[in-house]
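Here, residue 1 is the first one in the sequence, and each next residue gets the next number. Predicted model only: the values in this text are computed from it and were never measured.
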Amino acid sequence: MEYRKCGYSGIFLPEISLGLWHNFGDVDSITEAESIMKYAFDNGICHFDLANNYGPPPGSAERNFGKIFKSNFLSHRDEIFVSSKAGHDMWPGVYGTGSSRKSIIASCDASLKRTGLEYFDVFYSHRYDGITPIEETMQALVDLVRSGKCLYIGISKYPVDKQLEAYRYLRSEKVPCLLSQYRFSIFDTKARDNNFDAAHDAGSGIICFSPLAQGLLTNKYLNGIPTNSRAAKSSGFLQINQVTEERLKAVKDLKEITDSKNISLSQLALNYVLADKRVTSVIIGVSSVAQLKENLVSFSNINFSEEECAKIDEISKRENISF
């Protein structure tokens with residue numbers, strides 16, 4: 001595993017991080033989840049990414065992570081980097097969502113209890129909620145650092161104007177933003193084109209999620225919807241109607257490149273994200289150890305010709321491709 005320096009800080013993160021957005025909820029096999037986490041750690045993945053609402057049901061991914069961590073990783077706490085987030089719908093009621101000081105601090109406390117951890121390495125504001133003043137949300141995060149509940153703070157999916165406001169406020173409080181988390185893949189380049197420069201210029205590391213477009217940038221959907229796939233699950237974030245002819249055509253065109261190089265589609269997709277040197281790490285979600293093994297194949301020997309790069313770029317700009 002290769003590691004990259006995280007913005008203007010002393011933190012290094014693995015190029016590949018493990019996300020628990022999917023496959024770690026109560027609807028999933030905790031035995032398989034445990035195997036995935038153990039294989040990840042044994043192969044250099046020291047960063048595990050959570051959020052309070054991951055599951056389903058919300059909170060269950062943190063609880064299951066806590067059980068697995070206690071049984072397998074307790075003595076390795078200082079070697080592991082754990083993140084969680086708050087901001088999306090978590091519990092019923094007016095304070096169960098959003099980015100107010102009350103919601104952020106209550107969510108962090110509840111997440112620490114579910115995971116059994118004493119602190120998070122980084123705690124994020126999961127989104128700009130469109131209502132709460134930036135200074136309120138950022139001060140809540142600053143106070144979490146100063147109270148010892150997290151070591152660093154981050155933001156996720158903030159629009160560029162609010163992203164810049166957040167950086168300025170945090171800098172004024174001398175608690176800079178360690179990580180900015182955005183979605184980025186061949187099928188979604190909006191954040192690269194709009195948010196990456198702002199993060200890089202501010203000294204924030206950039207960590208990307210959904211590099212495989214919820215599994216579309218793999219071989220999984222080339223011959224229909226597999227029964228065990230995300231699109232086939234009612235609880236999944238990839239819906240059947242998103243597996244469109246345009247996207248499948250794009251995947252088949254990308255497969256022509258991967259077949260000629262004897263690599264997988266997921267390797268191409270991950271390489272595409274990590275080719276941007278502003279990116280610190282990319283978060284992957286897997287449902288099996290076999291999937292994880294495929295994604296961890298070294299990228300060092302994968303090189304694309306100018307013609308191949310131009311083809312990938314053309315595919316990324318097609319109509320009806322972006323999520």
Side-chain angles (χ1 to χ4, degrees), residues 1-3 6 11-86 88 90-91 106-124 126 144 147-152 154 178-179 181 207 209 215 228 230 233 235-237 281-297:
M1 177 63 66
E2 298 293 325
Y3 298 82
C6 187
I11 290 293
F12 285 78
L13 292 180
E15 288 186 332
I16 302 293
S17 298
L18 184 65
L20 281 68
W21 184 13
H22 302 284
N23 307 311
F24 283 78
D26 287 347
V27 299
D28 303 295
S29 166
I30 193 168
T31 301
E32 188 65 33
E34 182 176 38
S35 297
I36 290 168
M37 280 184 58
K38 289 165 70 174
Y39 188 87
F41 185 69
D42 288 345
N43 285 273
I45 295 179
C46 55
H47 176 212
F48 299 100
D49 181 75
L50 289 155
N52 61 349
N53 64 326
Y54 288 177
S60 59
E62 287 183 327
R63 282 195 302 272
N64 290 330
F65 169 86
K67 292 174 187 175
I68 296 168
F69 185 90
K70 184 178 181 180
S71 299
N72 297 274
F73 301 104
L74 207 55
S75 62
H76 298 287
R77 179 64 183 97
D78 293 339
E79 305 166 57
I80 291 176
F81 196 91
V82 184
S83 59
S84 195
K85 317 176 193 74
H88 284 291
M90 180 57 197
W91 62 82
S107 290
C108 184
D109 288 343
S111 290
L112 288 171
K113 185 175 181 179
R114 281 189 291 269
T115 58
L117 299 175
E118 294 182 357
Y119 66 91
F120 289 113
D121 294 280
V122 62
F123 195 77
Y124 291 86
H126 206 168
L144 287 176
S147 66
K149 294 177 182 178
C150 60
L151 303 182
Y152 302 94
L178 179 76
L179 281 167
Q181 188 169 137
I207 187 162
F209 64 93
N228 65 340
R230 289 182 185 177
K233 295 180 179 179
S235 60
F237 285 86
S281 183
V282 58
I283 300 169
I284 61 169
V286 297
S287 59
S288 67
V289 171
Q291 281 186 4
L292 183 56
K293 287 180 179 179
E294 178 183 318
N295 291 333
L296 289 182
V297 172

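Nearest heavy-atom pair across Leu13 and Cys6 is CD1-SG, 4.4 Å. Heavy atoms only, all atoms of each residue included: Ser288 and Glu32 are closest at CA-OE2, 3.3 Å. Of all non-hydrogen atoms in Ser17 and His47, the two that sit nearest each other are OG-ND1, 2.9 Å. Here the closest heavy-atom approach between residue Gly59 and residue Arg114 is recorded as O-CD, 3.4 Å. Of all heavy-atom pairs spanning Ser60 and Gly25, the tightest one is OG-CA, 3.3 Å. Between Pro57 and Arg63, the closest heavy-atom pair is CG-NH2, 4.5 Å.
Here Phe65 contributes atom CZ and Lys70 contributes atom NZ; the two are 13.5 Å apart, rounded to the nearest 0.5 Å. Taken to the nearest 0.5 Å, the CD1 atom of Ile68 stands 7.5 Å off from the CG atom of Leu20. Here the CD-CD1 distance, from Gln291 to Ile284, works out to 9.0 Å after rounding to the nearest 0.5 Å. Distance CG/Asn43 to NZ/Lys293: 8.5 Å, rounded to 0.5 Å. To the nearest 0.5 Å, atom OH of residue Tyr124 and atom OG of residue Ser83 are 5.0 Å apart. Once rounded to the nearest 0.5 Å, the distance linking CE of Met90 with OG of Ser107 reads 7.0 Å.
In this structure a side-chain-to-backbone donor-acceptor pair under 3.5 Å is missing from Glu118 to Leu112. A distance-only check finds no donor-acceptor pair linking the side chain of Asp109 to the backbone of Ala106 [under 3.5 Å]. Remark: side-chain polar atoms of Lys85 are not paired, donor with acceptor, to backbone N or O of Phe123 under 3.5 angstrom. In this structure, the side chain of Asn64 does not engage the main chain of Ile30 through any donor-acceptor pair within 3.5 Å. Formation of a donor-acceptor pair under 3.5 Å by the Ser281 side chain with backbone atoms of Glu15 is found in this model.
Two residues are said to be in side-chain contact when any heavy atoms from C-beta on lie closer than 4.5 Å; Asp49 and Ile207 fail this criterion. You'll find the side chain of Met37 stays beyond 4.5 Å of the side chain of Asn72, heavy atoms only. Between Leu179 and Tyr152 there is no side-chain heavy-atom pair separated by less than 4.5 Å. The side-chain heavy atoms of Asn52 and His88, taken from C-beta on, include no pair separated by under 4.5 Å. Inter-residue side-chain proximity for Trp21 and Ile283 is flagged as unmet; no heavy-atom pair is nearer than 4.5 Å. Residues Ile11 and Leu151 fail the side-chain proximity criterion, which asks for heavy atoms closer than 4.5 Å. Taking the side chain as every heavy atom from C-beta outward, Arg77 and Val82 approach each other to under 4.5 Å. When side chains are defined from C-beta on, Tyr3 counts as touching Pro14, because their heavy atoms get closer than 4.5 Å.
Considering Phe69, Phe41, Phe48 in turn, Phe41 is the only one that fulfils the ring pair (Phe, Tyr, Trp, His ring centres under 6.0 Å) rule with His76.
In this structure, a donor-acceptor pair under 3.5 Å is absent between the side chains of Asn23 and Ser287.
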For a side-chain contact (heavy atoms from CB on, under 4.5 Å) check, start with the C-alpha distance between Leu50 and Phe24, then their side-chain angles and the critical distance, and finish with the verdict. CA-CA 10 Å; Leu50 289 155; Phe24 283 78; over 6 Å; no
Test side-chain contact (heavy atoms from CB on, under 4.5 Å) on Leu18 and Val286 and set out the steps. CA-CA 8 Å; Leu18 184 65; Val286 297; 4.2 Å; yes
